[in-house]
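What follows is a single structure, written as structure tokens, with notes after it.
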Amino acid sequence: MPEHTDRRYGPAALPQPRGPLSAAVVGALRRPPHDLPADLGSDLDAADPLTDEDLQLTLFLCYELHYRGWRGVDDGWEWQPTLLALRARAERPFEAALRRLVGAPAVPPGGVAAGLAELVAADEGPSLAATLQRRADLAQFREFVAHRSVYHLREADPHSWALPRIGGPAKAALVEIQTDEYGNGQLDRMHSELFRRTLDRLGMDTDYGAHLDSAPAVTLATNNLMSLFGLHRRLRGALLGHLAAFEMTSSLPNRRYGNGLRRLGLDEVATRFYDEHVEADAVHEQIAAHDLCGGFVRAEPALAPDVLFGAAAGLAVDRLFAAHLLDSWAVGRSSLRAPAPRTISVPATALPATAGGPLAGVA
């Protein structure tokens with residue numbers, strides 16, 4: 001396979017396995033495409049698919065073949081039939097767990113936009129954003145950024161799977177949102193690039209996938225959720241609902257993240273990623289709920305419940321993610337699988353890592 005010289009943009013190195021299934025997939029991907037054993041993954045028995053390290057990494061390994069691929073892995077694996085069959089076997093318990101978690105949200109009389117607003121208003125997850133704004137120390141903020149790097153270094157890509165699958169007003173609305181996410185075609189304004197600067201200011205490795213081995217299953221689940229919805233046309237409504245909930249719950253938390261970094265002494269380069277989302281997502285919120293999801297449901301009314309399912313699932317998994325971080329910090333434990341995120345250097349603008357003090361509880 002040709003070697004990529006700029007590792008900021010991928011592909012990432014294959015991660016370390018987390019169990020027998022992911023070990024089998026990693027081992028297979030190191031070789032040319034070939035058939036996998038027909039019974040591989042047939043005995044999947046995850047007690048909780050949303051937090052099962054082996055299952056979530058297996059899904060991530062399969063999904064990433066549709067994004068940047070893996071360093072040194074033959075691109076022919078993307079459509080290898082037996083690997084796709086394995087992915088389907090792993091997806092079934094994952095999707096079933098999501099549906100058990102949120103049930104079947106009903107479409108209210110006011111329509112899908114009203115339903116989205118009700119879901120967001122009822123979302124009472126733990127206040128991770130408030131904790132990062134007021135109390136988290138620099139080491140804890142680095143942990144948060146390491147978790148989020150799995151998504152933010154490819155921000156917007158999962159939702160772009162919807163573009164060829166919808167048309168009319170909904171497509172126009174999605175293009176408007178995604179154009180902003182991709183910086184209107186300017187590299188230095190792409191949200192993924194702004195996030196890379198935040199990583200750099202925090203003295204962290206900015207390579208694509210650099211913090212994947214540190215990310216626990218619940219972090220991978222927040223990403224696999226988007227890929228599951230994006231790679232299955234039947235779930236296109238759920239993908240749009242997820243994006244709408246994402247945009248509708250983004251502005252205030254991002255303001256808090258930016259303020260948290262300012263409290264810790266970071267400069268405007270470090271905070272620009274979050275500051276950009278405060279303004280952009282306040283606009284995107286209305287576009288996503290009314291023009292995107294509303295327009296989509298007007299064209300395909302039977303898929304309104306799917307839109308609300310996608311939104312509810314995204315909010316629920318994010319609650320699990322936030323609880324994991326806050327519960328870990330409350331007992332003085334890292335929220336990452338590894339002791340600390342990969343760092344390059346400590347930025348001159350940063351205060352000592354003890355700034356803000358350790359957390360004794362949650363906000």
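All values below were derived from every heavy atom in this structure, side-chain atoms included, with hydrogens, water molecules and symmetry-related copies excluded.
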Query raised in the report: Does some side-chain heavy atom of His159 sit less than 4.5 Å from a side-chain heavy atom of Glu181?
Result: no

Query raised in the report: What do the steps show when you test Leu194 against Thr198 for side chain to side chain contact (heavy atoms under 4.5 Å, CB included), and what is the final call?
Result: CA-CA 7 Å; Leu194 296 179; Thr198 299; 6.0 Å; no

Query raised in the report: Quick one: are Leu235 and His242 in side-chain contact, heavy atoms under 4.5 Å?
Result: no

Report task. Without swapping roles, check the side chain of Arg256 against the backbone of Leu132 for a donor-acceptor pair under 3.5 Å. Result -> no

Report summary line: Here the gap from Leu315 atom CG to Leu320 atom CG, rounded to the nearest 0.5 Å, amounts to 11.5 Å

Report summary line: d(His191 NE2, Leu153 CG) to nearest 0.5 Å is 14.0 Å

Query raised in the report: Is it true that a side-chain atom of Trp70 and a backbone atom of Leu61 form a donor plus acceptor pair closer than 3.5 Å?
Result: yes

Query raised in the report: Taking the hydrophobic residues Ile, Leu, Val, Met, Phe, Trp and Tyr, and joining any pair whose side-chain heavy atoms are under 4.5 Å apart, which ones share a cluster with Tyr9?
Result: Tyr182, Leu187, Met190

Query raised in the report: Going hydrophobic residue to hydrophobic residue with side-chain gaps under 4.5 angstrom, can you get from Leu163 over to Ile177?
Result: yes

Query raised in the report: Is the His277 ring parallel, tilted or perpendicular to the Phe273 ring (thresholds 30°, 60°)?
Result: tilted

Query raised in the report: For the side chain of Arg142 and the backbone of Leu202, is there at least one donor-acceptor N/O pair under 3.5 Å apart?
Result: yes

Report summary line: Heavy-atom nearest pair, Arg89 first then Pro93, reads O-CD, 3.1 Å

Requested in this report: Pick out which of Asp207, Asp157, Asp75 makes a salt bridge (charged side-chain N to carboxylate O under 4.0 Å, His left out) with Arg68.
Outcome: Asp157

Query raised in the report: Under 3.5 Å, is there a donor-acceptor pair between the side chain of Asp318 and the main chain of Phe321?
Result: no

Query raised in the report: What's the shortest heavy-atom distance between Ala113 and Ala289, and which atoms?
Result: CB-O, 3.7 Å

Query raised in the report: In Å, rounded to the nearest 0.5 Å, how long is the span from CZ of Arg263 to CG of Asn259?
Result: 10.0 Å

Requested in this report: Apply side chain to side chain contact (heavy atoms under 4.5 Å, CB included) to Thr271 and list each qualifying residue two or more places apart in sequence or on a separate chain.
Outcome: Leu261, Arg262, Glu268, Asp275

Query raised in the report: Do side-chain atoms of Glu143 reach the backbone of Ser335 as a donor and acceptor pair under 3.5 angstrom?
Result: yes

Report task. Flag yes if Leu84 and Tyr63 sit in one hydrophobic cluster, no otherwise; membership is Ile, Leu, Val, Met, Phe, Trp, Tyr, and two members link when side-chain heavy atoms are under 4.5 Å apart. Result -> no

Query raised in the report: With a 4.5 Å limit on heavy-atom distance, are the side chains of Glu155 and Arg148 in contact?
Result: no

Query raised in the report: Do Leu65 and Trp79 share a hydrophobic cluster (ILVMFWY, side-chain heavy atoms under 4.5 Å, transitive)?
Result: no

**Report entry** Gln80 side chain to Thr82 backbone, donor-acceptor under 3.5 Å
**Finding:** yes

**Report entry** Sidechain-backbone polar pair: Ser192 side chain, His152 backbone, donor-acceptor under 3.5 Å
**Finding:** no

Query raised in the report: Quick one: does Leu174's side chain get under 4.5 Å of Leu243's, heavy atoms only?
Result: yes

Report task. Start with the C-alpha distance between Val112 and Phe296, add both sets of side-chain angles, then the distance that settles side chain to side chain contact (heavy atoms under 4.5 Å, CB included), and finish with yes or no. Result -> CA-CA 10 Å; Val112 71; Phe296 173 73; over 6 Å; no

Report task. With the side chain counted from C-beta on, respond yes when Leu86 and Leu21 share a heavy-atom pair under 4.5 Å apart, and no when they do not. Result -> yes

Query raised in the report: Any side-chain heavy atom of Leu266 sitting closer than 4.5 Å to one from Phe141?
Result: no

**Report entry** Cys62 side, atom SG; Leu57 side, atom CG - distance, nearest 0.5 Å
**Finding:** 9.5 Å

Query raised in the report: After noting the C-alpha distance and the side-chain angles of His211 and Leu199, does the key distance pass the side chain to side chain contact (heavy atoms under 4.5 Å, CB included) rule?
Result: CA-CA 11 Å; His211 306 286; Leu199 282 170; 4.2 Å; yes

Query raised in the report: At what distance, to the nearest 0.5 angstrom, does CD1 of Ile166 lie from CD of Glu300?
Result: 9.0 Å

Query raised in the report: Closest approach of Pro11 and Gly69, non-hydrogen atoms and distance?
Result: CB-O, 3.4 Å

What donor-acceptor contacts under 3.5 angstrom involve side-chain atoms of residues 216-227, with partners at least two apart or in another chain?
| residue | atom | partner | partner atom | Å |
| --- | --- | --- | --- | --- |
| Thr219 | OG1 | His147 | ND1 | 2.8 |
| Thr222 | OG1 | Thr219 | O | 2.6 |
| Asn223 | OD1 | Tyr151 | N | 3.4 |
| Asn223 | ND2 | Thr219 | O | 2.9 |
| Asn224 | ND2 | Gln56 | O | 3.0 |
| Asn224 | ND2 | Gln56 | OE1 | 2.7 |
| Asn224 | ND2 | Leu220 | O | 3.4 |
| Ser227 | OG | Tyr67 | OH | 2.9 |

**Report entry** Ion pair Asp200/Arg8, N-O distance below 4.0 Å
**Finding:** no

Report summary line: For Leu231 and Arg165, the nearest pair of non-hydrogen atoms, with its separation, is C-NH1, 3.7 Å

Requested in this report: Over all heavy atoms of both residues, which pair between Ser250 and Asn254 is shortest? Give the atoms and the distance, please.
Outcome: OG-ND2, 2.7 Å

**Report entry** Distance, nearest 0.5 Å, that separates CZ of Phe229 from CG of Asp306
**Finding:** 9.0 Å

Query raised in the report: With sequence neighbours left out, what residues match Arg196 under salt bridge (Lys or Arg N to Asp or Glu O under 4.0 Å)?
Result: Glu193

Report task. Could you pull out the closest heavy-atom pair between Val26 and Pro15, with the gap in Å? Result -> CG2-O, 3.9 Å

Requested in this report: Could I get the full list of side chain to side chain donor-acceptor pair (under 3.5 Å) partners for Tyr257, not counting sequence neighbours?
Outcome: none

Distance-only check: which donor-acceptor pairs under 3.5 Å involve side-chain atoms of residues 98-111, not counting sequence neighbours?
| residue | atom | partner | partner atom | Å |
| --- | --- | --- | --- | --- |
| Arg99 | NE | Glu95 | OE2 | 3.1 |
| Arg99 | NH2 | Glu95 | OE2 | 3.0 |

Requested in this report: Could you check His324 against Trp329 for ring pair (Phe, Tyr, Trp, His ring centres under 6.0 Å), going step by step and ending with a plain yes or no?
Outcome: CA-CA 9 Å; His324 169 74; Trp329 294 344; 9.3 Å; no

Query - Under 3.5 Å donor-acceptor, Asp213 side chain and Gln16 backbone - result: yes

Query - Side-chain heavy atoms of Met248 within contact of Leu119, under 4.5 Å - result: no

Requested in this report: Examine Trp77 together with His34 and report whether their ring centres are nearer than 6.0 Å.
Outcome: yes

Query raised in the report: Side chain of Arg154, backbone of Gly209: donor and acceptor closer than 3.5 Å?
Result: no

Query raised in the report: So do Asp180 and Glu276 actually touch side chain to side chain, heavy atoms under 4.5 Å?
Result: no

Query raised in the report: Under 3.5 Å, side chain of Ser160 to main-chain N/O of Ala156, donor-acceptor pair present?
Result: yes

Report task. Begin from the C-alpha positions of Phe144 and Leu128 and carry the test side chain to side chain contact (heavy atoms under 4.5 Å, CB included) through to its verdict. Result -> CA-CA 10 Å; Phe144 168 69; Leu128 176 61; 4.0 Å; yes

Query - Under 3.5 Å side-chain donor-acceptor pair for Asp54 and Ser22 - result: yes

